[in-house]
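Only a predicted model underlies this, so the values are computations on that prediction, with no experimental measurement involved.
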Amino acid sequence: MPTSMFRARRVSLAALLAPLAFAAVVLPGRAEGATRQYWIKAVNVRVDVAPNGLDALMGRQVPLDQRFLDAVVYRAYTRGWRKPLPNTARSGDNDGIPGPVIEARVGDRLLVHFKNEDRTFRQKHSMHFHAFTYKPASDGAFIPQITGKGGNVPVGQSFTYRLTAGPQSRGAWPYHDHSSTMHDSIPRGLYGAVVIMGRKEKPPDRRFIVAFSSHNGFDTINGRAFIGNTPTFRAKVGETVEWNVLAMGDTFHTFHVHGHRWLNDAGTPKDTEEIGPGGSFRIRWKEDAPGTWFYHCHVESHQMNGMIGLFKVTK
């Protein structure tokens, strides 16, 4: 199903800019769209789930032995996997969880060149993409006795996924490992976001990625737990901001923004949106509410276990 689009009433939110991923090599082209190429590896990193060591709301320390996760993450590289792209607003998040943003427009074709460099766990991995259309060889899912190489890429080997962004691809979506080891690798961080705009859609001023999941026993946003560790998003009044929200794991969540409302497709004002495992949605609005606000999962046990952050809006 296509991702729901929300029209804005009140505005808000701010962001750890993760706008256009620009990890792609864009080849100009055809009338129906461009061809974009991404070069991505699965690599090993050590992620600190709570770098400041604090649960600020409860005023308590996060035990040191619970903070560090031996992760497997997707990382974007220059052509031929020569060197990793920088972790900047222009390149997209490229230093941990979630992986780099895969961006396209309706009508584009994508070539995603994936290489498995999981040298710690030495497991097979893959990339499975929601949103796109593709042939079975590019599904990236392991099916016993049926799957080709793309569903179970061995360590040190590579595979190219061939994808098309069709009319029903517009919106925010997840991508993730779907190999025979996905039940190990997704909790270790092997997932990311897809953002697809319409053919002539204007990009937002600010683009935010919010990935709900669980790591090291904490409920996390973008692989981090508790205020000061989770992203602090930033925007200015008058800017168009876009939230791309996804959920990975086994748990249902409710995305909530303090001090703000939006209209759903039926025209009903909302300030929470439910999301289940593998789900995603996109919200856009024009910011009009200066201040410092909470955003969080409204399942209270989740927010108290780390799934809460701040967004700051200035005039």
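A donor-acceptor contact under 3.5 angstrom links the side chains of E242 and N244, judged on distance only. Judged purely by distance below 3.5 Å, without hydrogens or angles, the side chains of Q123 and D184 pair a donor atom with an acceptor atom. Between the side chains of N87 and N94, no donor-acceptor pair is found at a separation under 3.5 Å. A donor-acceptor pair shorter than 3.5 Å cannot be found between the side chains of H296 and H302. Side-chain N/O atoms of D177 and H128 include no donor and acceptor closer than 3.5 Å. For the residue pair H256 and T272, no side-chain donor N or O sits within less than 3.5 Å of a side-chain acceptor on the partner.
The CG atom of L190 sits 8.5 Å away from the CG atom of N116 when rounded to the nearest 0.5 Å. If you take CE on M127 and OG on S138, they are separated by 11.5 Å, rounding to the nearest 0.5 Å. Considering CG of N152 and CE of M182, their distance stands at 11.5 Å, rounded to 0.5 Å. E239 contributes atom CD, which lies 12.5 Å from atom CG of D288 (distance to the nearest 0.5 angstrom). Taken from OG in S169 to CG in L110, the straight-line distance is 10.0 Å, to the nearest 0.5 Å. Of the inter-residue distances, the one linking Y38 atom OH with L163 atom CG reads 10.5 Å to the nearest 0.5 angstrom.
Checked against the 6.0 Å centroid threshold, H176 and H130 count as a close aromatic pair. Note: Y161 and F132 fail the aromatic proximity criterion, with ring centroids not under 6.0 Å apart.
For the pair Y191 and S213, the minimum side-chain heavy-atom distance is below 4.5 Å. With a 4.5 Å cut-off on side-chain heavy atoms, R60 and L54 do not count as touching. Taking the side chain as every heavy atom from C-beta outward, E287 and R206 never approach each other to under 4.5 Å. When side chains are defined from C-beta on, N44 counts as touching F121, because their heavy atoms get closer than 4.5 Å. In this structure, V62 and N52 have side chains that are not in contact, with every pair of non-hydrogen atoms separated by 4.5 Å or more. Using a 4.5 Å heavy-atom threshold, the side chains of L85 and W39 count as separate. Within the 4.5 Å cutoff, the side chain of I97 has heavy atoms near those of the L69 side chain. Counting heavy atoms from C-beta on, the side chains of R36 and R105 come closer than 4.5 Å.
Panel note: side chain T181, backbone S185; no donor-acceptor pair is recorded below 3.5 Å. Between the side chain of N216 and the main chain of F68, a donor-acceptor pair closer than 3.5 Å is present. With T254 contributing its side chain and H298 its backbone, the two residues share a donor-acceptor pair below 3.5 Å. Side chain of W173 to backbone of I196: no donor-acceptor contact under 3.5 angstrom is found. Judged by distance alone, with hydrogens and angles left aside, the side-chain atoms of S179 form a donor-acceptor pair with the main-chain N or O of K124 at under 3.5 Å. Side chain of T230 to backbone of I221: no donor-acceptor contact under 3.5 angstrom is found. Remark: side-chain polar atoms of N305 are not paired, donor with acceptor, to backbone N or O of S301 under 3.5 angstrom. Side-chain N or O atoms of D55 include none that pairs as donor or acceptor with a backbone N or O of Q61 at under 3.5 Å.
Between Y175 and Y74, the ring-plane angle classifies as tilted under the 30° and 60° cut-offs.
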For this session: Could you give me the CA-CA distance, side-chain angles and deciding distance for V43 and V73, then say whether side chain to side chain contact (heavy atoms under 4.5 Å, CB included) is met?
Result: CA-CA 6 Å; V43 299; V73 302; 3.9 Å; yes

For this session: Could you go through the side chain to side chain contact (heavy atoms under 4.5 Å, CB included) check for W285 and V241 one step at a time?
Result: CA-CA 6 Å; W285 54 51; V241 297; 2.6 Å; yes

For this session: Take Y134 and F129 through the ring pair (Phe, Tyr, Trp, His ring centres under 6.0 Å) test and state the conclusion after the steps.
Result: CA-CA 10 Å; Y134 45 76; F129 304 87; 7.7 Å; no

For this session: Please report the C-alpha distance between F294 and I308 in whole Å, then the side-chain angles of each, then the deciding distance to 0.1 Å, and finally whether the side chain to side chain contact (heavy atoms under 4.5 Å, CB included) criterion is met.
Result: CA-CA 7 Å; F294 278 139; I308 186 168; 3.8 Å; yes

Problem set entry | Evaluation steps, side chain to side chain contact (heavy atoms under 4.5 Å, CB included), between K115 and Q157 | CA-CA 6 Å; K115 190 172 186 179; Q157 296 190 30; over 6 Å; no

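By the 6.0 Å and 45° rule, K41 stacks over the aromatic ring of Y77.
Closest approach of N222 and P231 over heavy atoms only: ND2-CG, 3.6 Å.
Between R67 and D48 there is a salt bridge, with a side-chain nitrogen of the basic residue lying less than 4.0 Å from a carboxylate oxygen of the acidic one. Salt-bridge check for R282 with E201: passed, with a basic side-chain N closer than 4.0 Å to an acidic carboxylate O. Electrostatic pairing of D70 and R188 does not count as a salt bridge here, judged by no charged N lying under 4.0 Å from a carboxylate O.
When the side chains of ILVMFWY residues are joined at heavy-atom separations under 4.5 Å, either directly or via intervening members, V155 and I186 end up in two distinct hydrophobic clusters.
For the pairing with H253, the ring-ring contact (aromatic ring centres under 6.0 Å, His included) check across F281, Y295, F212 returns one residue only, F212.
Enclosure of atom CZ in R119 by more than 12 non-hydrogen atoms of other residues, nucleotides or ligands within 6.0 angstrom is indicated.
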